[in-house]
Amino acid sequence: MINRQTTTAENDAAAFRVLQINCVSHQAPISARVIMPAGPVTQPPIVAIHGISRDCDAVVDAFLEDHMDLHRIVIVPHFDKKHWPVFQRITGKHRPDLGLLAILAALHQDGILGNETVDLFGYSGGAQLAHRFSMLFPEKVNELHLGAAGWYTLPDSNLPYPLGLGNSDSTRKSWHQLMANGLHQYLDRPITVYIGDQDVKQDRSLRNDTLVNQTQGRNRLERAKRYIDLVAQHQAGINLPVTARLEVLANCGHDFLDCCKKGGLIRRINWTGDRAANH
Amino acid sequence: MSITTIVNDPVTLISRAKWAFSTRRVQKESIVAMTDDFKNTQHGDLILGRVMEIGQHKGIQLASGRRSELFQGDLVVLPCAARYAPDQFEGVAEIDPAGADMLAGGGCLGKVRARNERVKAPTRVLPLGRLTNQSGKAVNVADFALPAATRPSNIPVIAVFGTAMNSGKTLATARLGYGLRQTGLRVATIKATGTGSFGDFNEYEDTGVSYIADFTDAGMATTYMLPLPRIKDGIERLLADAEAHHCDVVVMEVADGLFQRETAALLADAEFRDRVQGIVFACGDAVAAAGGVAELNRLGWEPQALTGMVSCSPMASSEAQAVTGVRVMTKTELSDPAEAVALMRAMKAPSTRWEKVA
């Protein structure tokens, strides 16, 4: 199901358009903003997931900041609190993955998307969902861009899901097996983590328990570094190209707008050059 | 115009007749006459008849996809065909000029050989003629089949087998198709063998998959008693057509139980085994699961999942899983895109769009 409203940039001859779409998933209704660039589309579409503030407008604005250089369709889901109290994790009760699939299906139905894979970006809580969705549906995702996730599901079968891909008593469904099943495909893609060099605070929204601290580190910066190291190690271990990369944003903490303005986060995500050579 | 010509002109009659679902590909304008030579009737030949007596089948599944109530005197067009249905009839493709048996609601006229005790005698149809074309040849559903494949298809196939009729194969096929469809894949759901019926076809279609077809599209009203090469050729036509429709994966139901004549022949066929990437097995309880998996293993098959009625009961599922070592999946799990795609991935389907991307 798709309903749409269109907002067009005023007083702009080469206007981009922002569509509002309303979809229905098995879990709940979900909406998204879709930025249709003014110029030619030369990059794959990207899904950009907000953090726990659920401020999808901020994400839209960040992508529109350099809209003249925007050459891709940007899809910004809105996981509203009423219908999606938890959207960071995928569990039996909370299925944000179905929300994302519903949006992609509706856009495909509407002719906005073809059969192509999408790039996926998430910030903070959105980065948690982004990497878990990619582990579950690696075939749907091209490049993965993770901004300052609080913690990660590690490709490690010794840790119980959702910390790792080991068995867990906390969930009836075998998420660990489903994700382990697609792990090879998951690792076979560019995975970039962006993190502010000052994102070291243990704020209230940061998961802070002994096992996470021990296995991933005490703050987001440390966790990002360890995650990339582990992913790179796994890629090398199964003879895949090592595409896991960490991009540290200078003079940035955990504030999304700061990361965009000072750290050039969106510019880096949209970078089309050789990431290995330039970052 | 002579009386003979008037009597043998079926055009008015066929325009008033109820055409069975299994005739849905037939181009009516190709029919110009009919013959009363029923002795040489072949499997698939179209018979125009008049309902004599209402029995087990009180309605007919129309080519339009709707059920129509049957009344004495109704004109009907049905293909002559054999039927295998342990819970109804076993019948052969023979037409008795004095009265033929309606073997299936979807369109199958023949002669009953065995009847389940719990069903009524078949609805009887008085054959009026075997329909013929311009050149005097009998019109057969095979004349309107999809074209033969010009090259071997390459599309991945997940086959769904079961212990018997009503073990849950169609539901499993539809739900797995639905689960995969939600991931963005273009899914084809196909019924490879059985008796032409819109029930399964409509159940597939309701899931919104990209392509639906059954053996009637390959020119067979039913597949019972047909030679294996013809059935395999029909399957290949359907797979090629699904591929031509840019589908990424086929979920294919094979009718009846493992011991049914054509199903058993397909399972024992090495070429067919090579063509299928994985199988899901539908069964009613743990004992059926144990027996079915053992039989499949004996023939060199290893099902990736069990489903069907057994999956409705957590206790039966545990028993089945413990005795076979094969995971039991409910219809809800098959419908879940995460589960469905993991199942497909485990089958290592080699040439999906996704695999190409990855």
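We use all heavy atoms of the structure for the numbers below, so side chains are in, but hydrogens, waters and symmetry mates are not. Chain naming here is simple, since letters A, B, ... match the order of the sequence lines and numbering starts at 1 in each. Since this is a predicted model, take the numbers as computed values, not measurements.
Considering every non-hydrogen atom in both B:R345 and A:L136, the closest pair reads NH2-O, 3.2 Å. Closest approach of B:E339 to A:L178, counting heavy atoms only: OE1-CD2, 3.5 Å. Closest non-hydrogen pair, B:G184 versus A:K140, comes out as CA-NZ, 3.7 Å. Residue A:L98 comes nearest to B:P337 through the heavy atom pair CD2-CG, 3.4 Å, listed as atom of the first residue, atom of the second, then distance.
Of the two parts of A:R189, neither the backbone nor the side chain holds a non-hydrogen atom closer than 4.5 Å to a non-hydrogen atom of chain B. With a threshold of 4.5 angstrom between heavy atoms, A:H184 does not approach chain B through any atom at all.
For the pair B:H246/A:N115, no side-chain contact is recorded, criterion being any heavy-atom separation below 4.5 Å from C-beta on.
For the atom pair CZ (A:R95) and CG (B:D336), the distance works out to 4.0 Å, reported to the nearest 0.5 Å.
Within a 6.0 Å radius of CE in B:M309, no more than 12 heavy atoms belonging to other residues, nucleotides or ligands are found.
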